[in-house]
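Beneath this line is the structure, given in structure tokens, with notes to follow.
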Protein chains: 2
Amino acid sequence: MSTDVVSGEPSRLRADARRNRERILRTAMRHFSLHGINASLEEIAREAEVGAGTLYRHFPSREALLAAALEDQQKELLACAQRAGKLADSGAALGAWLGALQDYLRSFNGLPAPVLAAVKERESPLCLSCNALVSLTDEFLVRAQQDGRARATVTANELFLSALGIAWVLNRAEACGTTRQALEKVLAHGYLAATDEPPAPMMTAPPPGD
Amino acid sequence: MSTDVVSGEPSRLRADARRNRERILRTAMRHFSLHGINASLEEIAREAEVGAGTLYRHFPSREALLAAALEDQQKELLACAQRAGKLADSGAALGAWLGALQDYLRSFNGLPAPVLAAVKERESPLCLSCNALVSLTDEFLVRAQQDGRARATVTANELFLSALGIAWVLNRAEACGTTRQALEKVLAHGYLAATDEPPAPMMTAPPPGD
DNA sequence: AGATAAGTGGAGACAATCTCCGTTTTCTGA
DNA sequence: TCAGAAAACGGAGATTGTCTCCACTTATCT
């Protein structure tokens with residue numbers, strides 16, 4: 001928000017304030033990467049050489065700081081979405097998007113929790129970007145559904161939340177006997193055998209030749 | 001552990017110790033139910049009218065207290081497993097088990113987190129029961145796989161972790177646009193259309209007429 | 001009843017969050 | 001260029017929570 005490097009906004013912040021904000025942000029990114037989203041704010045303030053009050057004035061809550069610290073990764077994610085959107089195969093596009101989402105959710109350890117919280121609490125600083133994530137998921141999903149590549153009864157919300165759940169597990173459980181690929185595959189195909197029961201009263205799947 | 005009401009163990013605990021343990025446990029169950037697994041231990045001690053030291057001697061960690069407070073629910077879960085095991089339809093049995101698991105994981109708000117942690121940390125007081133949960137999942141899954149009801153490439157670990165992920169989401173997101181049934185369905189069938197691609201190099205799918 | 005081992009409780013060390021307000025720094029325009 | 005006003009700073013301290021330590025109390029055994 002407030003001051004993008006690129007956007008020409010002159011930033012009404014005083015020079016020292018802008019400097020401090022930047023220091024805090026840089027330090028926060030390091031600490032969140034290193035120690036997860038629960039990194040000590042006190043510690044961040046100390047290392048950025050500002051008082052606690054300064055940190056809290058710039059970023060009134062952990063989530064506000066988190067949101068600011070995630071800006072880069074969000075841009076990266078949007079770029080991935082752009083690329084995925086250009087894939088001809090809508091099923092592959094959806095897969096690519098979900099993969100990118102997993103990457104994003106791994107930016108900081110424990111990130112899925114505040115993201116999930118932001119989905120419901122509409123006042124969260126993360127809320128804006130979260131809604132965007134659900135919307136994007138919706139776009140990819142709908143396109144895949146129109147091509148008969150995704151089940152028609154799945155909603156974007158369900159899919160997004162499931163992806164969040166997987167990300168949460170992987171955040172803590174990687175190398176505990178499972179891989180990201182394995183869980184993504186379960187999410188894609190389910191655990192039931194394909195022949196078990198027609199899951200949706202969907203229109204006859206078109207033959208592979210478009 | 002230590003003293004089951006039923007098992008005849010005379011309990012080497014002194015009378016006052018046993019009394020205190022019981023008070024703590026009862027209070028803890030209330031607080032965990034009310035405020036989730038992060039309920040203040042200090043508060044629990046105060047309300048149980050014991051010193052902090054007493055609480056920590058009986059239950060050296062939050063997880064130890066949690067494990068003790070969950071004994072009842074675990075019994076209930078095992079009973080469910082018994083019942084599910086008697087179902088003739090192995091697919092339905094697996095579904096019933098996963099449902100019971102969801103119920104269990106909703107005993108206290110936030111429970112999936114320590115359960116997941118316990119899966120990897122082998123010293124956790126919750127570890128024992130967690131391993132049992134994975135084993136049970138395995139039994140149900142294998143049976144369903146033998147009947148061709150579950151995909152052969154899914155492992156119990158993957159399925160259990162996925163269920164944990166869903167439980168985690170539901171713990172916090174129910175009424176945020178999704179229901180438990182919806183997420184369970186996604187887990188069961190996946191998000192891809194059934195015709196998309198044979199998910200496993202499995203033996204030729206039998207024609208719909210069994 | 002008296003000895004002794006088991007158990008108690010709460011003071012206190014420590015860590016983290018967040019607020020408040022006296023002080024310092026920047027900005028502005030005369 | 002230099003006040004004066006406004007903006008921002010920082011850190012002390014209130015608060016809450018976890019966990020330990022040990023002087024004291026209480027149950028148990030003989």
Side-chain angles (χ1 to χ4, degrees), chain A residues 1-3 9-28 31-32 34-69 108-110 113-114 117 123-125, chain B residues 1-3 9-28 31-32 34-69 108-110 113-114 117 123-125:
Chain A
M1 295 301 107
S2 60
T3 353
E9 297 238 348
S11 156
R12 282 252 144 355
L13 251 44
R14 236 170 60 174
D16 53 348
R18 185 161 51 253
R19 206 181 326 135
N20 280 333
R21 188 180 193 281
E22 218 48 49
R23 292 165 72 98
I24 292 169
L25 211 42
R26 226 190 303 282
T27 312
H31 279 241
F32 284 145
L34 242 50
H35 308 116
I37 57 154
N38 290 317
S40 160
L41 299 186
E42 199 184 26
E43 180 77 18
I44 290 175
R46 188 180 318 129
E47 197 173 308
E49 296 178 280
V50 302
T54 300
L55 190 153
Y56 283 100
R57 192 165 342 94
H58 283 290
F59 307 100
S61 69
R62 182 179 295 274
E63 299 206 331
L65 181 52
L66 213 44
F108 303 142
N109 223 339
E123 317 107 34
S124 162
Chain B
M1 296 296 108
S2 58
T3 353
E9 297 239 349
S11 156
R12 281 259 150 341
L13 253 44
R14 235 169 61 175
D16 53 348
R18 185 161 52 253
R19 206 181 327 135
N20 281 334
R21 189 180 193 280
E22 218 48 49
R23 291 164 72 98
I24 293 170
L25 210 43
R26 224 190 303 281
T27 311
H31 278 240
F32 285 145
L34 242 50
H35 308 115
I37 57 153
N38 290 318
S40 161
L41 299 186
E42 201 185 25
E43 179 76 18
I44 290 175
R46 189 179 317 130
E47 196 174 308
E49 296 178 279
V50 302
T54 301
L55 190 152
Y56 283 97
R57 191 166 344 92
H58 283 290
F59 305 100
S61 68
R62 182 180 295 275
E63 298 206 332
L65 181 52
L66 214 42
F108 303 142
N109 224 341
E123 318 107 34
S124 162

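So you know, we letter chains A, B, ... as the sequences are listed, proteins then strands, and number each from 1. Quick note: numbers below take in every heavy atom, side chains included, and nothing from hydrogens, waters or symmetry partners.
- For S40(A) and dA15(C), the shortest distance from a side-chain N or O to OP1 or OP2 is not below 4.0 Å.
- Distance CG/L55(A) to CG/L25(A): 10.0 Å, rounded to 0.5 Å.
- Rounded to whole Å, atom C1' of dA16(C) lies 6 Å from atom CD of E42(A).
- For DNA chain D, the contact window with chain B, defined by any atom under 4.0 Å from a protein heavy atom, covers dG17(D) to dT28(D) in 5' to 3' order.
- Take the nearest nucleotide of DNA chain D for A39(B) and for A17(A): the residue whose nucleotide is more 5' is A17(A).
- Annotation: side chain of L65(A) is not in contact with side chain of R62(A) (no heavy-atom distance under 4.5 Å).
- R14(A) contributes a side-chain N or O that forms a donor-acceptor pair with the base of dT25(C) under 3.5 Å.
- L13(A) and R21(A) make their closest contact through CD2-CD, 3.9 Å (heavy atoms, listed as atom of the first residue, atom of the second, distance).
- For S61(B) against P125(B), the heavy-atom pair with the smallest separation is OG-CG, 4.3 Å.
- Looking at residues two or more places apart in sequence or on another chain, you find no ring-ring contact (aromatic ring centres under 6.0 Å, His included) involving H58(A).
- Near-neighbour residues of DNA chain D inside residues 43-61 of chain B, defined by a heavy atom below 4.0 Å, number-ordered: A52(B), G53(B), Y56(B).
- In this structure, R46(B) and E43(B) have side chains that are in contact, with non-hydrogen atoms separated by less than 4.5 Å.
- Looking at which nucleotide of DNA chain D each of L41(B) and A15(B) is closest to, the 5′-most match is held by L41(B).
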